Number of protein chains: 2
Amino acid sequence: MQEKRRDIHNSETPALCRACEARHSGLCGALEHDELLRLSRHTTIRQAPAGTQLIGEEDFVETYANVLKGVVKLTKMMADGRQQIVGLQFAPDFVGRPFQAESRVSAEAASDVVLCVFPKNSLDAMMKEQPNMEHRLLKQSLNELDEAREWMLTLGRKTAEEKVASFLYMIARHIDPTHDVDAQNAAAFDLPLTRADIADFLGLTIETVSRQLTKLRKADAIVIEANRRVSIPDVMRLRELSGN
Amino acid sequence: MQEKRRDIHNSETPALCRACEARHSGLCGALEHDELLRLSRHTTIRQAPAGTQLIGEEDFVETYANVLKGVVKLTKMMADGRQQIVGLQFAPDFVGRPFQAESRVSAEAASDVVLCVFPKNSLDAMMKEQPNMEHRLLKQSLNELDEAREWMLTLGRKTAEEKVASFLYMIARHIDPTHDVDAQNAAAFDLPLTRADIADFLGLTIETVSRQLTKLRKADAIVIEANRRVSIPDVMRLRELSGN
DNA sequence: CGCCTTATTGAACCCCATCAATATCTGTGG
DNA sequence: CCACAGATATTGATGGGGTTCAATAAGGCG
């Protein structure tokens with residue numbers, strides 16, 4: 001149990017966690033100082049460049065992680081190589097699948113990422129004695145389910161143009177913290193995904209994504225600089241183009 | 001509090017719950033006799049014919065429900081009428097969205113259904129004092145999320161034929177309890193959905209669904225009688241046609 | 001600059017949607 | 001039991017949105 005120093009430190013937040021976004025809004029927000037300390041003993045910070053495979057489909061997963069920086073994409077692949085992105089995890093999202101040893105998706109760093117990694121066992125144990133943690137996880141899971149269902153509508157029923165607009169609109173909401181419905185009606189961000197990733201997210205080809213982006217650009221709905229930088233002068237207009 | 005009779009009955013399962021599938025494998029499996037009794041005081045059984053609108057998108061929802069019989073479809077609709085089914089709930093699934101007053105999907109009886117309906121308040125209160133209940137709900141939510149992601153792959157990347165085969169394969173797994181991977185390799189069931197519903201589920205048109213069904217029929221992958229009755233002589237073959 | 005990766009643009013094709021007609025099912029009443 | 005009507009499903013013909021194949025352009029980094 002090696003908790004020798006616990007009495008001394010149990011009212012202090014571990015240094016690792018102090019600057020962490022997940023400490024407050026993420027899963028770890030459910031934990032008290034001493035629990036946080038206990039978990040942080042088994043925790044490692046992992047940096048990974050874009051493209052790194054974090055866990056493979058059908059891998060046996062021994063760890064969970066919180067996204068601290070960057071974007072993690074969850075993908076599913078068919079035998080012949082067709083691929084679909086089924087989830088994007090932004091900071092401070094939790095990545096992992098409790099109650100199941102085998103993963104049914106693969107996780108990959110879409111951009112350069114920083115993760116807070118901890119062993120499955122530690123968190124599973126902590127979840128059992130901390131209902132509050134399951135509560136947080138349930139909330140995130142229900143939100144992810146809402147998002148997944150929103151994307152099912154996009155994948156099944158929207159046109160290519162609406163799909164691309166929907167994607168940009170979603171990124172704008174996720175990345176640009178300054179944007180609010182009633183706030184300034186503009187947004188700007190760097191795309192965290194390549195065209196290939198966007199295509200895999202929207203169930204389209206690279207070429208169609210590219211064509212729709214130029215179409216939106218020519219309609220003055222967006223401005224693109226250097227391939228990655230996107231400005232949206234009128235977010236509400238983009239929202240309309242997205243079919244919402 | 002009106003718990004006068006509780007002392008007498010607290011070790012007995014309410015009559016309502018005794019024959020209920022959800023009592024064991026569903027949410028209510030988390031409850032002890034007396035808690036079950038407490039909840040059952042506010043519970044009503046509701047029967048509804050196919051097509052009944054149970055809750056509308058953007059309704060304020062005051063109740064939750066367990067599906068006892070039949071299939072409930074969760075749908076999302078765009079302003080111009082395009083529609084997508086984003087979830088199918090079979091017995092003993094739970095229907096509802098905790099932690100959020102407003103629904104983001106509408107729920108409709110896909111077949112004739114029987115529901116066990118209880119007020120949001122009652123269950124919310126019970127969930128707070130019963131971590132085990134949140135645990136069950138978390139498990140269901142994570143399963144639904146897995147299924148939703150599976151369908152995102154289907155919607156985004158599969159051909160019409162693969163989509164229809166995937167749908168039939170999924171129904172076979174859900175409805176026919178006799179089927180197991182190594183068990184007898186055949187299945188038979190009544191489709192709980194109309195062609196229009198299947199189309200809305202797969203992001204296709206009615207006509208395409210119909211064409212793919214006849215294509216599968218002519219390839220001897222399925223047998224259809226009277227429009228609704230489907231037999232699958234070789235489930236593994238169907239699985240291959242589904243792209244898995 | 002030069003090389004490789006990533007993105008855009010063009011042309012032809014194809015799968016699925018659309019429009020339209022026919023067939024089948026289901027339930028009701030004669 | 002059959003006839004009828006409305007709903008549901010199948011089948012056919014045509015067209016379009018997105019894919020595919022191919023070439024060019026732009027970005028990133030040594």
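Because the structure is predicted, anything quoted here is derived from the model rather than measured. Proteins get letters first, then strands, A, B, ... in listed order; numbering begins at 1 in each.
The CZ atom of B:R82 sits 13 Å away from the P atom of D:dG17 (whole-angstrom rounding). In this structure, the CZ atom of A:R229 is 13 Å from the P atom of D:dG28, given to the nearest Å. For the pair B:D112 CG and C:dT26 P, the interatomic distance rounds to 14 Å; values are reported in whole Å. In this entry the distance linking CG of B:L191 with P of C:dT24 reads 19 Å, nearest Å. Taking atom CG of B:L216 as the reference point, atom P of D:dT11 lies 13 Å away to the nearest angstrom. The nearest whole Å value for the distance from the CG atom in A:L202 to the P atom in D:dT19 is 10 Å. Rounded to whole Å, the distance from NZ on A:K163 to P on D:dG17 is 14 Å. Summarising the geometry, the separation between CG on B:D190 and C1' on D:dA9 is reported as 16 Å, rounded to the nearest angstrom.
The residue among B:S210 and A:E207 whose nearest nucleotide of DNA chain D lies closer to the 5′ end is B:S210. In terms of position on DNA chain D, the residue among B:N227 and A:K158 whose nearest nucleotide sits closer to the 5' end is B:N227. Remark on DNA chain C: of its neighbouring residues A:R157 and A:V209, the 5'-side contact belongs to A:V209, judged by nearest-heavy-atom nucleotide.
Between B:T205 and C:dC16 there is no side-chain polar atom (N or O) within less than 4.0 angstrom of OP1 or OP2. For C:dT9, one of the phosphate oxygens OP1 or OP2 lies less than 4.0 angstrom from a side-chain nitrogen or oxygen of A:T214.
A donor-acceptor contact under 3.5 Å links the side chain of B:R211 to the base of C:dT18.
A distance-only check finds no donor-acceptor pair linking the side chain of B:R173 to the backbone of B:L168 [under 3.5 Å].
Side chain of A:I206, nearest nucleotide from C:dT8, D:dG18, C:dC16: C:dT8. The side chain of A:R228 lies closest to C:dA7 when the candidates are C:dC16, D:dT10, C:dA7.
A donor-acceptor contact closer than 3.5 angstrom is absent between the side chains of B:T43 and B:S40.
Using a 4.0 Å heavy-atom distance criterion, A:G51 is classed as making no nucleic acid contact.
A salt bridge between A:E57 and A:R104 is absent, with no side-chain N of the basic residue lying under 4.0 Å from a carboxylate O of the acidic one. Classification of B:E144 and B:K139 as a salt-bridged pair fails, no side-chain N sitting under 4.0 Å from a carboxylate O.
Taking the six-membered ring where the residue is Trp, the centroids of A:F90 and A:H174 are separated by under 6.0 Å.
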